[in-house]
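Working notes, beginning with the structure itself.
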Amino acid sequence: MAQNHWLVKSEPAKYSFDDLVRDGKTVWDGVRNNQAAIYLRSMKLGDQSLYYHSQEGLAVVGIAKVVREAFPDPTDASGRFVAVEFAPVRPLPRPVTLTEMKATPALAGMAMLRQFRLSVSPITPDEWRTILGLGGEG
DNA sequence: GCCAACGTTGGC
DNA sequence: GCCAACGTTGGC
């Protein structure tokens, strides 16, 4: 089965892409939203994810990949939620801002734009290519 | 700092 | 099981 693509949000003040590069990998825990948890559960080893900075920056700044598939979130006592582990792949040559994404017709259907509160969302192959193109790749 | 969106909780 | 109140997220 083909790899899936994702987008994850993080507040850079709490955990930025640079922090991920420094650490080599990180446990993506603390997700307390059912829809986001469903996406976490469907992530496969090697799936790549856009790394988006919320609150500050408001841009996709890099690419991360799944290095451990879903397991019970160690910070969740209820046992309902899961975590995964991400490792950095590479930063984008140029950040892609939320403004740019909103202004790009090909991205109008993006899950993240339509439901901005989702902290984990799927990215279609077309959206993936489009965003990497905007970021100076491809 | 404000407020819209939206998920969750709890009273009934 | 409905729905109002409340809490959280995140753009602006």
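Protein chains get the first letters and strands the later ones, always in sequence-line order, with residue 1 at the start of each.
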Review point. Roughly how many Å is it from CG in A:N33 to P in C:dT8, rounded to a whole number?
Key: 14 Å
Practice item. Specify the separation, in whole Å, of atom CD of A:E11 and atom C1' of C:dT9. Key: 8 Å
**Study point:** Other residues, nucleotides, ligands: >12 heavy atoms within 6.0 Å of A:K9 NZ
**Key:** yes
Practice item. Write down the distance between OH (A:Y52) and P (C:dT9), rounded to a whole number of angstrom. Key: 15 Å
Review point. Between A:R41 and A:E69, does a salt bridge (Lys or Arg N to Asp or Glu O under 4.0 Å) hold up when you go through it step by step?
Key: CA-CA 7 Å; A:R41 277 185 231 275; A:E69 295 181 5; over 6 Å; no
Review point. Are more than 12 heavy atoms from other residues, nucleotides or ligands located less than 6.0 Å from atom CZ of A:R22?
Key: yes
Practice item. Check the distance between C:dT8's P and A:K14's NZ and give it to me in whole angstrom. Key: 11 Å
Study note, to complete from the structure: Rounded to whole Å, CE of A:M112 lies from C1' of C:dG11 at a distance of 11 Å
**Study point:** Nearest listed nucleotide, side chain of A:K102, among C:dG10, B:dT8, C:dC12
**Key:** C:dC12
Study note, to complete from the structure: Which of B:dT8, B:dG7, C:dG11 is nearest the side chain of A:L98? It is C:dG11
Study note, to complete from the structure: A:R32 CZ to B:dT9 P, in whole Å, measures 12 Å
Check your understanding: In whole angstrom, what separates A:L7's CG from C:dG10's P?
Key -> 11 Å
Exercise for review: Output the single nucleotide from C:dG11, C:dT9, B:dT8 whose closest atom is nearest the side chain of A:R117.
Suggested key: C:dT9
Practice item. Scan A:Q115 against the nucleic acid and name what it touches under 4.0 Å (heavy atoms): base, sugar-phosphate only, or nothing. Key: sugar-phosphate
Check your understanding: Say you draw a straight line from CD1 of A:I131 to CD1 of A:I63; how long is it, rounded to the nearest 0.5 Å?
Key -> 10.0 Å
